[in-house]
There are 2 protein chains.
Amino acid sequence: MRYHRRDVVERAIEVLDEYGLESLTMRRLAAELGLQPSALYHHVPNKQTLLAAIADEILARGKRERRAAEWDRRVVEICAELRDAMLAYRDGAEVVATAHTFGLGASEPATQLREALRDGGLDGDLVEVGTRALLHLVFGHTAEEQAALQAASAGAIDRDPGGPGDFEQGIELLLDGLRSRVRR
Amino acid sequence: MRYHRRDVVERAIEVLDEYGLESLTMRRLAAELGLQPSALYHHVPNKQTLLAAIADEILARGKRERRAAEWDRRVVEICAELRDAMLAYRDGAEVVATAHTFGLGASEPATQLREALRDGGLDGDLVEVGTRALLHLVFGHTAEEQAALQAASAGAIDRDPGGPGDFEQGIELLLDGLRSRVRR
DNA sequence: ACCTGAACACCGTTCAAGT
DNA sequence: ACCTGAACACCGTTCAAGT
């Protein structure tokens, strides 16, 4: 059997979802594909790049149709889509958030948010600050939520998992600030 | 020589600051202390706990006097203190942010923010949502800023590092939303 | 209480060689 | 182009034993 890069990424997501990020090793993935570990380096230059590709694929799979007409409703829609996409896979939020911290992946959601804020009539500087703030909120909240959810299902009752209500409320707080800065 | 837990944490921070998070291994730290790796487990149950202790110590070392009288200026002050504390050590933001995602460390800053928001006259629910949103913004922004700074100093000109202006602007956006929700 | 020595069960990555 | 086989230089953690 001969594989291509997309096969490797797809199988990596299966391993991630079934066994978790700490079990997603290059050796484990190679074994899952029936390959020697060294064979993976023909498809991917290193593990970090593979994780960035996984992050992008997870977000791509969560894509939905845009419905909202108003720019601020569209922001909420984009953020909710991001959250749902990450929650769909075990440790999905951690993978995406980490990749984003190091400037990898998640470039498309950033572009969409930037567009929405620009449509809202915000200045160039505020578009950038707002986009980054929204992404940090979404990634931070979802990573914490998923960690709490997984900790809860593994035993400890720990803390409240946050939930979609808390999530939207946080986004709305930020949107308030953005709305009040629309030039008119 | 006999060590205590605090010696181990202190030396770990030195190793972190000098060689970076990826070089902070239990074996490396043990060698630095002139110990066998197994000796560390007398002071700390595992690496995760050590990292949480490092996160707390980094934040504790950055503590400053509170000056602002108004609740919203106090929020800005707390957030700026957190950012400075994390930026003071190599990979400090990543260590603190990761610990926070898993519900470890950073409990004191959370308490201080909660107090400030309560003083501002916000409802219990909003206090929680606001505190979490502020922390995600601070951790997310600072981690990204530090990663970009370190990438820049290592060669690539990559992206803009954000800076304190962008940071405060993001916090102010959120504060706008919080201010508008003060019950009166 | 704190530490050594040895082991267990792994990692990511490189590189010559094969088809 | 894609893969094997072998190696290099490491990991975190456990556990019996020592003082």
Side-chain angles (χ1 to χ4, degrees), chain A residues 1-55 90-91 94-95 98-99 101-102 104-105 147 150-151 154-155, chain B residues 1-55 90-91 94-95 98-99 101-102 104-105 147 150-151 154-155:
Chain A
M1 263 212 233
R2 300 211 138 190
Y3 296 108
H4 296 90
R5 187 190 157 103
R6 99 187 61 90
D7 305 310
V8 172
V9 174
E10 275 168 21
R11 186 73 111 169
I13 292 182
E14 286 173 28
V15 174
L16 175 72
D17 196 41
E18 198 157 354
Y19 306 101
L21 181 56
E22 74 171 19
S23 293
L24 177 56
T25 67
M26 297 299 271
R27 286 168 179 275
R28 173 76 185 257
L29 176 58
E32 208 83 22
L33 290 161
L35 294 176
Q36 295 294 318
S38 51
L40 295 177
Y41 292 86
H42 199 87
H43 303 285
V44 134
N46 52 48
K47 190 179 181 179
Q48 199 193 168
T49 305
L50 173 63
L51 287 169
I54 291 171
R90 166 129 73 132
D91 292 327
E94 207 194 329
V95 172
T98 303
T101 298
F102 293 103
L104 304 167
Q150 287 171 181
Chain B
M1 263 214 231
R2 300 213 138 190
Y3 296 108
H4 298 89
R5 187 189 157 103
R6 98 187 61 88
D7 306 310
V8 172
V9 174
E10 276 169 20
R11 186 74 107 165
I13 291 181
E14 286 172 29
V15 174
L16 176 72
D17 196 40
E18 199 157 351
Y19 307 101
L21 181 56
E22 74 170 20
S23 295
L24 178 56
T25 67
M26 297 298 269
R27 285 169 179 275
R28 172 77 185 257
L29 175 58
E32 208 84 20
L33 289 160
L35 295 175
Q36 294 294 317
S38 51
L40 295 177
Y41 292 86
H42 200 85
H43 303 287
V44 132
N46 50 50
K47 191 178 180 180
Q48 197 192 171
T49 305
L50 173 64
L51 287 170
I54 291 171
R90 163 127 77 132
D91 291 328
E94 207 193 329
V95 172
T98 303
T101 298
F102 295 102
L104 304 166
Q150 287 170 181

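First the proteins, then the strands, lettered A, B, ... as listed; each starts at 1. Excluded from the calculations below are hydrogen atoms, water molecules and symmetry mates; all remaining heavy atoms, backbone and side chain alike, are included. Just so it is clear, the model here is predicted, and its values are computed rather than measured.
Both B:H43 and A:N46 lie near DNA chain C, and the one whose nearest nucleotide falls closer to the 5' end is B:H43. Comparing A:R27 and A:G34 along DNA chain D, the residue whose closest nucleotide (by nearest heavy atom) sits nearer the 5' end is A:G34. Both A:M26 and B:Q36 lie near DNA chain C, and the one whose nearest nucleotide falls closer to the 5' end is B:Q36.
The distance from atom CG of A:D7 to atom P of D:dA1 is 17 Å, rounded to the nearest whole Å. To the nearest angstrom, C1' of D:dC3 lies 11 Å from CG of A:L40. Here D:dC11 presents its C1' atom at 14 Å from CG of B:L29, a figure rounded to the nearest Å. In this entry the distance linking CG of B:L35 with P of C:dA1 reads 18 Å, nearest Å. Per the geometry, CG belonging to B:L33 stands 10 Å off P belonging to C:dT4, to the nearest Å. If you measure from atom CZ of A:R28 to atom P of C:dC10, you get 10 Å, rounded to the nearest angstrom. In this structure, the CG atom of B:L50 is 12 Å from the C1' atom of D:dG12, given to the nearest Å.
Applying the salt bridge (Lys or Arg N to Asp or Glu O under 4.0 Å) test to pairs two or more places apart or on separate chains, none has a residue in residues 33-45 of chain B.
The side-chain contact (heavy atoms from CB on, under 4.5 Å) test with A:L29 is passed by exactly one of A:L35, A:L40, A:V44: A:L40.
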Determine all donor-acceptor pairs shorter than 3.5 Å in which one atom belongs to a side chain in residues 16-26 of chain B; sequence neighbours excluded.
| residue | atom | partner | partner atom | Å |
| --- | --- | --- | --- | --- |
| B:D17 | OD1 | B:R90 | N | 2.8 |
| B:S23 | OG | B:Y19 | O | 3.3 |
| B:T25 | OG1 | B:R28 | N | 2.9 |

Residues 2-11 of chain A, side-chain donor-acceptor partners within the protein, below 3.5 Å, at least two apart:
| residue | atom | partner | partner atom | Å |
| --- | --- | --- | --- | --- |
| A:Y3 | OH | A:L33 | O | 3.0 |
| A:D7 | OD2 | A:H4 | N | 2.6 |
| A:R11 | NH2 | A:E32 | O | 3.1 |

When you check every protein heavy atom under 4.0 Å of nucleotides 14-19 of chain D, what one-letter string (B, S, -) results, 5' to 3'? BB----

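Separation of the P atoms belonging to C:dA9 and D:dA9 is 24 Å when rounded to the nearest angstrom.
Remark: A:E14 CD is packed, more than 12 non-hydrogen atoms of other residues, nucleotides or ligands lying under 6.0 Å away.
A heavy-atom distance below 4.0 Å to DNA chain C is reached by these residues of residues 15-25 of chain A, ordered by number: A:T25.
In terms of heavy-atom proximity, A:A99 sits nearest to A:A55 at CB-CB, 4.0 Å. Looking at every heavy atom in both residues, B:L104 comes nearest to B:A52 through CB-CB, 3.9 Å.
Atom CD in A:Q150 sits 8.5 Å away from atom CZ in B:F102 (nearest 0.5 Å).
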Secondary structure of DNA chain C per the Watson-Crick/G-U criterion (both distances under 3.5 Å; [ ] crossing, | other strand, . unpaired) is ||.|||||...|||||.||

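At the phosphate of D:dT4, neither OP1 nor OP2 sits under 4.0 Å from any side-chain N or O atom of A:H42.
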